[in-house]
Amino acid sequence: MIHGIKGVKDLLPEEAARWQVIEETARRLSFLYGYREIRVPIFESTELFARSIGASTDIVEKEMYTFQDRDGSSLTLRPEATAGVARAYIEHNLGASATAQKFFYLGPMFRHERPQAGRLRQFHQYGVESFGSASPLADVEVVSLLWRVLSELHLPGLTLEINSLGDVADRPAYKGVLLDFLKRQEEQLCQNCRRRMGTNPLRVLDCKVPTCKAATEEAPKLTDHLSLNSRQHFEEVLGGLKELGIPYLLNPRLVRGLDYYTLTTFEVTSQHLGAQNAVGAGGRYDGLVEALGGPKTPAIGFAVGIERASLVLPDSAVPSLGKMVFVAAFGQKGVPVGTRILHELRTLGVRSDSDYRATTLKAHLRQADRLGAVFVLIIGDDEAEKGQVILRNMTSKEQQDLPLSTAAQSVASRLSSV
Ligand code: HAM
C-alpha cells in the first residue's frame with residue numbers, strides 16, 4: 001500500500017465542511033472590505049522567494065521544496081503567497097490602476113518543517129495583500145479584517161500582538177545596539193543564533209530555543225529606537241485600533257520569520273492551540289515591490305493558517321448538512337420510477353439520494369436513517385402500477401400515499417415546513 005507523505009494531510013468530508021465555513025467567511029468578509037480574489041501559481045522561480053523572504057530566514061535556509069526543472073532552472077513550491085502576489089502585481093503593472101489594489105487568496109503552501117499538531121508540510125492559507133497605501137489607516141483596515149474574520153468564526157482565546165520594526169533607515173542603528181547586547185550574551189546562544197549575529201541579528205529575537213529566549217529577554221527594544229516618522233505611524237495604527245475597539249498587546253519581540261517586513265507587524269494567537277499557536281499573522285512590507293524590480297510601493301497584508309483555524313473552530317460554527325430526502329425504489333417497475341423521481345427532486349434543488357445496492361425496503365430504510373433523511377419516498381412495483389408513492393416521515397414514522405405525478409413537488413414544499 002502506498003501511504004500519503006508525512007506532514008501532508010488528506011481532508012476528509014467532515015473536516016472539509018469545517019474548511020468551507022472558514023473559506024466562505026474569508027471570501028465574504030474580504031469582498032466586504034473591498035478585496036478581490038487573486039490566484040497565483042503554486043510554484044515560482046526559487047530566486048523570487050530567496051529575494052523576498054530573505055536568505056537568512058528558516059524558510060529559505062532549510063524549509064523550501066526546491067527542484068530543478070528540465071531546463072536546469074531552479075523552481076520552488078511556494079512557502080507563502082506574498083512574494084508571488086507582489087511579483088504578479090509588478091508583472092501585470094497593476095500599480096498603474098487608479099484604484100487601490102487589494103487582493104485576497106486561498107490555497108496551499110509548502111514548507112519542509114517538522115510536522116506536529118498545527119504544523120504541516122503542505123498547509124493552506126487565506127491571506128490578503130493591500131498595495132499602494134502607506135497610510136496607517138491601511139494597517140488598521142488589514143488588522144481589523146483579520147480580527148473580524150477570526151472573531152466571526154468564534155475562534156476561542158484570541159490575542160492580537162503587535163509591534164513595529166521601524167523602516168529600513170531605522171534598522172542599522174538598532175542593529176548596532178542589538179549586536180552589542182548579543183555579544184554580551186553570546187555564550188548562552190545556540191549555534192544558529194551565533195551565526196545569525198553575523199548575517200541578520202534581528203532573527204535571534206525570533207529564535208524558539210528556550211535558552212536563546214531567556215538570554216534575549218532583556219534585549220534592547222526596536223520600538224525604543226524608532227525614528228519620529230516610524231513612531232508616529234505606529235501610534236496612529238494603535239490609535240486606530242483603539243478607535244475600532246480591537247484589543248491588542250504590544251510585543252516588542254515580534255520580529256516575524258520573514259525579512260520583508262517594515263514598520264507594523266502583528267500576529268493573532270489562540271491559547272487553545274498548542275505550541276504552534278499563531279492562527280494568523282502579517283505586517284507591512286514597504287520595500288518588497290521595489291526589491292523585486294517594481295516601482296516603490298507601500299504594502300501590507302496577512303495570512304491565516306486554515307488548518308489551525310479549523311483546529312479551534314467550534315463545532316457550533318459548522319452548519320448541519322441540510323435536509324435530505326431518500327428514495328427507496330425496488331422491483332422491476334419500481335426502480336425506473338424511483339430513478340425518475342430522484343432526478344425530479346434534484347432538478348427542484350432538493351438534496352436527495354438513494355442506495356443502488358439496496359433491494360429490500362428494510363435495507364433502504366436503514367440507509368435512509370444513516371444518512372439522516374427527513375422523508376423517504378417508497379416506490380415498489382405495486383406503487384408504480386398504481387401511479388403512487390408512499391411518503392414516510394422519518395421522525396413521526398407516519399406514512400401517506402401521494403400521486404406520482406406531483407410527488408417530487410409536494411415533498412419539496414413539505415421540506416420547508418419540517
Ligand atoms: P507566516 O507567519 O509565515 O506569514 O504564516 C501565516 C500563518 O500561516 C501562520 O500564522 C500559521 O497560521 C500558518 N502557517 C505557517 N506555517 C505553517 C505550517 N507549517 N503548518 C500550518 N500552518 C502554518 C506568511 O506566510 C506571510 N506571507 C503573511 C503575510 C501576508 N504577510 C504579509 N502579507
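Numbering of ligands and ligand atoms starts at 1, following listing order.
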Aromatic plane relationship, Phe266 with Phe302 - under 30° parallel, 30 to 60° tilted, over 60° perpendicular: perpendicular
Nearest-option assignment for atom 11 (C) of ligand 1, heavy atoms, candidates Gln122, Arg114, Arg121, Arg308: Arg308
CA sep, side-chain torsions, deciding dist, call: Arg184, Asp180, salt bridge (charged side-chain N to carboxylate O under 4.0 Å, His left out): CA-CA 7 Å; Arg184 278 181 266 129; Asp180 284 348; 5.9 Å; no
Considering the heavy atoms of [X], write down every atom of ligand 1 situated less than 4.0 Å from one of them.
| X | result |
| --- | --- |
| Gly282 | 31 (N) |
| Gly118 | 20 (N), 21 (C), 22 (N) |
| Arg119 | 19 (N), 20 (N) |
| Gly280 | 10 (O) |

Using a cut-off of 6.0 Å, state whether more than 12 heavy atoms not belonging to [X] lie near its atom [atom1].
| X | atom1 | answer |
| --- | --- | --- |
| Leu32 | CG | yes |
| Lys221 | NZ | no |
| Lys362 | NZ | no |
| Arg195 | CZ | yes |
| His272 | NE2 | yes |

For [atom], find the nearest protein heavy atom and state the residue, atom name and distance (0.1 Å precision).
| atom | value |
| --- | --- |
| atom 33 (N) of ligand 1 | Glu129 OE1, 2.8 Å |
| atom 12 (O) of ligand 1 | Ala278 O, 2.8 Å |
| atom 20 (N) of ligand 1 | Leu120 N, 2.9 Å |
| atom 27 (N) of ligand 1 | Glu80 OE1, 2.6 Å |
| atom 26 (C) of ligand 1 | Tyr260 OH, 3.4 Å |
| atom 4 (O) of ligand 1 | Arg256 NH2, 3.0 Å |
| atom 19 (N) of ligand 1 | Glu113 OE2, 2.6 Å |
| atom 7 (C) of ligand 1 | Ala303 O, 3.6 Å |

N/O separation below 3.5 Å, [X] to ligand 1:
| X | answer |
| --- | --- |
| Gly305 | yes |
| Tyr261 | yes |
| Tyr105 | no |
| Arg111 | yes |

Quick one: closest heavy-atom pair of [X] and [Y], and the distance?
| X | Y | result |
| --- | --- | --- |
| Cys190 | Val209 | SG-CG2, 4.3 Å |
| Gly72 | Gln68 | O-CG, 3.4 Å |
| Ser352 | Arg346 | O-NH2, 3.0 Å |
| Ser354 | Val327 | OG-O, 2.7 Å |

Does ligand 1 have an atom under 4.0 Å from some heavy atom of [X]?
| X | result |
| --- | --- |
| Gly257 | no |
| Gly127 | no |
| Gln125 | yes |

Ring-ring centroid check Phe104 Tyr35, cutoff 6.0 Å: no
Residue portion contacting ligand 1 (non-hydrogen atoms closer than 4.0 Å) for Val279: backbone
Per-residue contact class, Glu307 against ligand 1 - non-hydrogen pairs under 4.0 Å: neither
Min side-chain heavy-atom separation Leu120-Val8 under 4.5 Å: no
